[in-house]
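Note on naming: letters A, B, ... go to the chains in the order of the sequence lines (proteins, then strands), and numbering restarts at 1 for each one.
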2 protein chains.
Amino acid sequence: MQRTSLGDMACSLARSLDVAGEWWTPLIVRNVWFGARRFEEIQRDLGLSRKVLADRLRTLLAEGILERRPYQEHPVRHKYRLTPKGRELMQAFFALMAWGDRWTAEVAGPPMVLCHERCGEIVHGEVTCSSCGEPLRAEETRIARGPGARVGRGSRYVEHLPAP
Amino acid sequence: MQRTSLGDMACSLARSLDVAGEWWTPLIVRNVWFGARRFEEIQRDLGLSRKVLADRLRTLLAEGILERRPYQEHPVRHKYRLTPKGRELMQAFFALMAWGDRWTAEVAGPPMVLCHERCGEIVHGEVTCSSCGEPLRAEETRIARGPGARVGRGSRYVEHLPAP
DNA sequence: ATAGTGGGTTCCCTAAAGCAACTCTCTGTT
DNA sequence: AACAGAGAGTTGCTTTAGGGAACCCACTAT
């Protein structure tokens, strides 16, 4: 497994990618979310090698993004499900899906859309500010040192930033 | 470059990952966002090989996520910047950063935090519904066939779903 | 004249992904 | 009873992608 350089683990994005950014991992999570529960099913649907799938499932279980329960004994067979941690990860992927729809969809429009059961509408994910609720645009957002920042290590940018 | 299987390009997530999901790409985008503009700077900061960086920058330019402008001639030197497409991608990464903070941060807390200049607060990205504004939780969201769905191809799930 | 810098490219080597075949334990069919 | 097939992996081999280091080229500074 490719781990990002240690110095960069300072950033939450690097840590997220480290556990959920490997090849195939987001697609596996997405497929489990929308209904694939068995090894064979995921493998057939995504067309990745069984070896890599076995590997990724191990990681996802170890990270607590997926969990599995036996659905039969002799031989024991498991079904995979998202944990709460996995469901929140999927939520972040909704934002990525929205970006893909907006910027890379083919002329025909997005092949799949999301339906939000709470409001009943066809929707997409928006990334908004946890405080004011407005869209959290990159050009209106700056980085600042957090409680876990280790001065003298990590990124050389963060050290010159105002404390929160 | 690893491209996902064609059949899966039906999904926007696969398409997003195809252009922005390669190793290092999100971290490069993040670094350009928060101030790294020159090749050397990005390379030093992330510690990736120059070859891979040159490769990723080429892809990001070709995809229109980054743009570059010469800041000197003889020899010509460029500085990289995010395009609007790139800034919106960064926005999606904010959601991933929030997930990393919530689920994988060390005991000391997140090393970096975001400051939203519009409201002046320390914030994080939330993924919300474009229609009702509520958090777009995975367990309250279903997938449905979109305008670009090609029946008979792509995922076998989407074909059994209600039309929007 | 020499060293250094910025932005790459080239070469070699290792690590990870793809592919195919194999295992093992059941279940269903003839 | 014999055989085929499914489900969930594991093992081995080949190809590809990534890391490291060296090299190049056009300047600039000392």
[atom1] of [X] versus [atom2] of [N]: gap in Å, rounded?
X: R68(B); N: dG7(C); atom1: CZ; atom2: P; value: 10 Å
X: I42(B); N: dG7(C); atom1: CD1; atom2: P; value: 9 Å
X: W23(B); N: dA16(C); atom1: CH2; atom2: C1'; value: 10 Å
X: D55(B); N: dT10(C); atom1: CG; atom2: C1'; value: 14 Å
X: L48(B); N: dA17(D); atom1: CG; atom2: P; value: 17 Å
X: Q43(A); N: dT10(D); atom1: CD; atom2: P; value: 14 Å
X: L53(B); N: dG7(C); atom1: CG; atom2: P; value: 10 Å
X: I28(B); N: dG18(D); atom1: CD1; atom2: C1'; value: 13 Å

Can you check whether W24(B) has a side-chain N or O nearer than 4.0 Å to OP1 or OP2 of dG19(D)?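 Indeed, a polar side-chain atom of W24(B) lies that close.
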Quick one: is dT10(D) close enough that its OP1 or OP2 comes under 4.0 Å of any side-chain N or O from R58(A)?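 Yes, within the criterion.
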Both S49(B) and Y80(A) contact DNA chain D. Taking the nearest nucleotide for each, which residue is further toward the 5' end?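 Mapping each residue to its closest nucleotide by heavy atoms, the 5'-most match is Y80(A).
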With a 3.5 Å cut-off and just heavy-atom distances, do the side chain of K51(B) and the base of dG19(D) make a donor-acceptor pair?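 Result: at least one qualifying N/O pair found.
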Is there a side-chain contact (heavy atoms from CB on, under 4.5 Å) between V52(B) and W23(B) once you walk through the steps? CA-CA 9 Å; V52(B) 175; W23(B) 287 125; over 6 Å; no
As a quick check of understanding, evaluate side-chain contact (heavy atoms from CB on, under 4.5 Å) for L136(A) and V123(B), giving each step before the final call. CA-CA 9 Å; L136(A) 190 62; V123(B) 305; 3.8 Å; yes
Identify the heavy atoms of [X] and [Y] that sit nearest to each other, and give their distance.
X: A98(A); Y: G125(A); result: CB-O, 3.4 Å
X: L82(B); Y: V32(B); result: N-CG1, 4.0 Å
X: P26(B); Y: E22(B); result: CD-O, 3.4 Å

Flag, side chain of T25(B) to backbone of G21(B), donor-acceptor distance under 3.5 Å: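 A pair under 3.5 Å: no.
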For nucleotides 3-6 of chain C, print each protein N/O atom paired with a nucleotide N/O atom at under 3.5 Å, atom names and distance only.
from, atom 1, to, atom 2, distance (Å)
dG6(C), O3', Y71(B), OH, 3.4
dG6(C), N2, R77(B), NH2, 3.0
dG6(C), N3, R77(B), NH1, 3.4
dG6(C), N3, R77(B), NH2, 3.2

R81(B): side chain to side chain contact (heavy atoms under 4.5 Å, CB included) partners, not counting sequence neighbours: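 Partners of R81(B) by the side chain to side chain contact (heavy atoms under 4.5 Å, CB included) criterion, ordered by chain and then number, come out as E67(B), R69(B).
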